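Here the structure is a predicted model, which is why all the values come from computation and not from measurement. Heavy atoms only: backbone and side chains are in, while hydrogens, waters and symmetry mates are out. In what follows, every chain begins at residue 1, and chains take the letters A, B, ... in the order their sequences are listed.
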Protein chains: 4
Amino acid sequence: MIHIGVIGAGECSAAGSAHAYEVGSLIAQHKAVLICGGLGGIMESAARGAQDAGGLTVGILPGFESDEANHYIDIPIVTGLSHARNILVVRSSTVLIAIEGGYGTLSEIAIALKLGKPVVGLNTWNVDPRVIQVKTAREAVEKALSLIQKKV
Amino acid sequence: MIHIGVIGAGECSAAGSAHAYEVGSLIAQHKAVLICGGLGGIMESAARGAQDAGGLTVGILPGFESDEANHYIDIPIVTGLSHARNILVVRSSTVLIAIEGGYGTLSEIAIALKLGKPVVGLNTWNVDPRVIQVKTAREAVEKALSLIQKKV
Amino acid sequence: MIHIGVIGAGECSAAGSAHAYEVGSLIAQHKAVLICGGLGGIMESAARGAQDAGGLTVGILPGFESDEANHYIDIPIVTGLSHARNILVVRSSTVLIAIEGGYGTLSEIAIALKLGKPVVGLNTWNVDPRVIQVKTAREAVEKALSLIQKKV
Amino acid sequence: MIHIGVIGAGECSAAGSAHAYEVGSLIAQHKAVLICGGLGGIMESAARGAQDAGGLTVGILPGFESDEANHYIDIPIVTGLSHARNILVVRSSTVLIAIEGGYGTLSEIAIALKLGKPVVGLNTWNVDPRVIQVKTAREAVEKALSLIQKKV
């Protein structure tokens with residue numbers, strides 16, 4: 001099974017939310033599992049998009065309780081590790097799609113680059129040419145899937 | 001959704017393996033998600049039992065690669081945290097069933113007791129009266145489910 | 001430099017506190033560094049004993065702020081990992097002395113046994129013959145030091 | 001006691017190494033404790049500088065053994081957490097000085113910004129105006145100390 005991580009902040013713009021919803025929906029349509037941090041903002045919109053399209057969603061949570069997860073998470077992973085859970089989001093994803101995002105997202109992009117894991121960016125941090133910048137949700141998911149093909 | 005953790009060692013007796021398989025199977029028949037450490041022995045038998053019964057299995061892995069998971073894991077969570085992942089298995093489960101087990105399992109039982117999370121034991125460490133000892137797989141799953149009811 | 005971990009609960013008996021103070025003091029007199037979880041109870045008494053004897057104390061804290069440490073910690077390590085920090089206490093110690101203790105201490109003893117790290121016990125969990133039970137603080141520190149010698 | 005973190009890669013330029021050595025030396029001269037990741041490159045040069053000036057050095061290690069530390073670490077903290085230890089380096093430091101650095105350093109800068117912890121940069125990632133860029137080791141340490149003053 002393919003696991004695609006969607007990373008982004010707990011607060012986001014309306015455009016970011018729409019992008020995340022569509023990315024989540026496309027991930028589900030491609031029968032991939034959505035991995036995310038399980039909270040609000042980008043994470044919630046992506047999970048909602050994935051669930052609405054019949055997909056499976058995993059939320060790797062920073063806190064101590066599963067009910068910290070947004071309402072669209074099927075599998076809450078309760079870590080109690082605070083920001084250290086960001087690294088688990090990266091490691092558990094075959095490829096990552098970053099949408100907008102603050103410093104937490106930047107830390108996830110950095111760890112992904114460190115681990116040599118492909119990252120597609122949609123209006124996100126432009127810190128390194130290895131983050132492949134795209135303009136639409138469809139491009140993001142297609143690019144992500146093509147990067148997995150290459151890896152195989 | 002109910003998440004039941006099955007904990008036990010990467011190597012186990014034939015009896016332990018049979019118990020784990022049946023526990024996994026019953027978890028799936030009750031539409032609960034199986035949480036485990038994702039490796040061999042008890043974890044593998046439980047996951048196989050759950051998958052054979054049409055259930056969903058999550059493996060919270062200690063290492064760096066998803067292919068470290070046994071063949072019956074649907075959702076591998078790659079932590080890179082070594083034994084610290086034990087705590088995530090406990091936190092992500094609503095109730096735990098311990099089958100046999102070595103020192104790693106003992107650490108999980110201890111953390112569960114620390115967190116006030118119910119533990120059912122099947123031929124496992126008998127370190128505390130709060131670990132509810134049972135004799136059969138069926139008893140283990142029924143007891144686990146009844147403990148969740150009480151909590152709700 | 002030798003690093004000796006002292007593990008025990010955040011609440012303890014007067015006898016436990018006295019034992020911990022003397023253990024800390026002896027650790028410092030042997031020019032070893034005291035490693036502990038940095039909070040109250042056994043951890044605080046051991047750190048106070050070590051500092052009073054001119055030793056160096058390290059507290060590996062579960063929370064988010066260094067001022068969570070008791071007043072006798074020279075080097076606070078702030079993990080933000082909650083109970084997962086227990087494993088770091090074990091890994092960072094060459095040998096462990098367990099004094100009394102609850103479920104958290106039991107989890108540390110279990111991880112130490114898993115990692116093959118020697119544990120000396122003073123009125124603590126008696127779960128395994130590999131935990132060497134002693135009666136006095138002096139015996140505890142002498143036994144701990146002798147176990148390090150053997151290892152080298 | 002003041003704890004200053006020095007972050008940078010395990011491989012560095014000769015200029016970076018010289019900067020790190022001088023930063024470490026100045027940290028020790030100011031009676032502050034050096035916190036770092038404990039490995040080679042920038043971490044090793046900073047620790048060597050601090051020890052040569054009579055300071056105390058802490059290395060928060062990613063792996064499983066204390067002998068993974070460079071030769072200039074007084075207090076090795078053995079985490080077994082791989083890159084998740086980066087977050088502990090950030091949390092355990094009152095202020096951070098980033099020297100050069102790759103993706104791992106970028107992840108540490110991001111987490112520091114996320115936590116609102118001040119970062120001084122010397123030829124490092126210029127991703128955010130909140131990272132205060134300086135040109136010399138002396139400036140770096142003076143700026144770091146002044147940021148702590150402000151905080152108090």
inquiry  = Tell me whether D:R138 at atom CZ has more than 12 heavy atoms from other residues, nucleotides or ligands lying less than 6.0 Å away.
reply    = no
Proximal component of D:T79, with respect to chain C [non-hydrogen, under 4.5 Å] = both
inquiry  = So, taking the atom named CG in C:L88 and the one named CZ in D:R85, what distance separates them when rounded to the nearest 0.5 Å?
reply    = 11.5 Å
message = Does D:E11 have more than 12 heavy atoms from other residues, nucleotides or ligands lying within 6.0 Å of its CD?
response = no
note = The interface call for D:L56 against chain C, heavy-atom contacts under 4.5 Å, is side chain
request  = Would you mind telling me which of C:V33, C:V58, C:I35, C:I75 has the largest number of heavy-atom pairs within less than 4.5 Å of chain D?
outcome  = C:I75
key: Inter-residue atom distance C:I73.CD1 - D:M1.CE, 0.5 Å rounding   = 11.0 Å
note = One option among C:V89, C:L115, C:D74, C:I60 has the most heavy-atom pairs under 4.5 Å with chain D, and it is C:D74
query = Side chain, backbone, both or neither: which part of D:L61 has an atom under 4.5 Å from a heavy atom of chain C?
reply = neither
